[in-house]
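A short worksheet on the structure shown next.
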Amino acid sequence: MAFVGESKVVVLDEPTSGVDPYSRRSIWDLLLKYRSGRTIILSTHHMDEADLLGDRIAIISQGKLYCSGSPLFLKNCFGTGFYLTLVRRMRKVKDDVEKNSGSCHSDCSCPCPGCTPKTKEDPLEQEMDGSVPGLTELIHHHVPEAKLIESIGQELIYLLPGKDFKYRAYASLFRELEETMGDLGLSSFGISDTPLEEVNQ
């Protein structure tokens, strides 16, 4: 309704408040479609929405304007850095034991010491591959200021500085991770920027 009449200025007060995710996405598509040639002033509590839709973002708290600028400007000024996520792969423990067990094999029935026969009913045990200290040492070799901030399940998350960093150091780190991913015990890795949610905090 706000776009009826070809208004050049449209004011929207939390247009996606209380809607389901599918409808929210549809509203985003509508705003992106009709933004050309208009000034749209939109208020929202969702920082991902502000990041996607806003050319300029003003953050207001308790009636005071705290900062204003483009999403990139706000991230550069107030962001903590980049997040490097490493995903460690799982390896089968019993397979490794069997490979190193000499002449014994999976259907061994001999009473030799150290031999643990594997039955068909036994599930294959798994453990995470890759050494956390080894991965941390590799990252520190390229980016000494990096910090391990989270380790949940198979994922390790490192915080890399976003200011005064050397492009070549980051390039060499990513190149080594890409080339030696299998040897490091990783299944994948990714890099992400500071979300606006953290800037808002």
Side-chain angles (χ1 to χ4, degrees), residues 21 25 46-52 57 59 67 69-106 108 113-201:
R25 184 70 208 193
H46 302 290
M47 296 309 295
D48 59 337
E49 185 170 276
D51 196 3
L52 177 71
I57 298 171
I59 297 177
C67 56
S70 68
L72 183 60
F73 170 78
L74 294 176
K75 289 176 183 179
N76 286 338
C77 288
F78 305 106
T80 54
F82 303 101
Y83 293 100
L84 174 65
T85 302
L86 306 180
V87 182
R88 299 163 69 191
R89 68 183 176 199
M90 301 298 293
R91 65 177 176 183
K92 298 172 184 178
V93 179
K94 288 193 176 183
D95 283 357
D96 293 343
V97 172
E98 287 165 12
K99 288 175 186 176
N100 299 324
S101 59
S103 60
C104 293
H105 46 80
S106 59
C108 174
C115 177
T116 53
K118 174 188 167 189
T119 62
K120 291 183 180 179
E121 292 77 16
D122 288 342
L124 290 173
E125 294 180 8
Q126 292 186 334
E127 69 176 15
M128 279 185 284
D129 202 355
S131 163
V132 177
L135 291 168
T136 302
E137 184 179 351
L138 168 69
I139 293 171
H140 282 165
H141 174 71
H142 296 278
V143 186
E145 302 85 2
K147 295 178 183 177
L148 176 62
I149 58 171
E150 209 167 79
S151 176
I152 301 176
Q154 293 174 246
E155 291 190 354
L156 300 172
I157 301 177
Y158 292 84
L159 178 61
L160 308 181
K163 295 180 181 179
D164 302 324
F165 66 88
K166 298 177 181 177
Y167 291 95
R168 288 185 180 180
Y170 279 33
S172 63
L173 169 61
F174 299 148
R175 189 181 304 111
E176 185 166 356
L177 286 173
E178 186 72 36
E179 293 173 353
T180 62
M181 194 185 311
D183 298 332
L184 295 171
L186 300 176
S187 61
S188 64
F189 71 93
I191 188 82
S192 61
D193 199 359
T194 302
L196 270 179
E197 193 67 43
E198 289 194 9
V199 172
N200 189 34
Q201 293 173 358

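Residue numbers start at 1 and run along the sequence shown. In this text the structure is predicted, and so the values were computed from the model without any measurement.
Contact check for Leu138 versus Leu177: side-chain heavy atoms found under the 4.5 Å cut-off.
How far CG of Leu173 is from CD1 of Ile191: 8.0 Å, rounded to the nearest 0.5 Å. Between the CD1 atom in Ile139 and the CD atom in Glu176 there is a gap of 10.0 Å [rounded to 0.5 Å]. Note that the NE2 atom of His140 and the CD atom of Glu145 stand 9.0 Å from one another [nearest 0.5 Å]. Taken from CE in Met47 to CD1 in Ile59, the straight-line distance is 4.0 Å, to the nearest 0.5 Å. The structure places NE2 of His46 at 13.0 Å from CG of Leu52, a figure rounded to the nearest 0.5 Å. Expressed to the nearest 0.5 Å, how far CD1 of Ile157 lies from CG of Leu159 amounts to 10.5 Å.
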Please walk me through it: do Leu84 and Val143 pass side-chain contact (heavy atoms from CB on, under 4.5 Å)? CA-CA 12 Å; Leu84 174 65; Val143 186; over 6 Å; no

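Checked against side-chain hydrogen bond (donor to acceptor under 3.5 Å, both in side chains), Thr136 has the following partners two or more places apart in sequence or in another chain: Tyr158.
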In residues 181-190, what donor-acceptor pairs under 3.5 Å come from side-chain atoms, sequence neighbours left out?
unit_1	atom_1	unit_2	atom_2	d
Ser187	OG	Val87	O	3.2

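Ile57 and Pro71 make their closest contact through CD1-CG, 3.7 Å (heavy atoms, listed as atom of the first residue, atom of the second, distance).
In this structure, His142 contributes its side chain and Tyr170 its backbone to no donor-acceptor pair below 3.5 Å.
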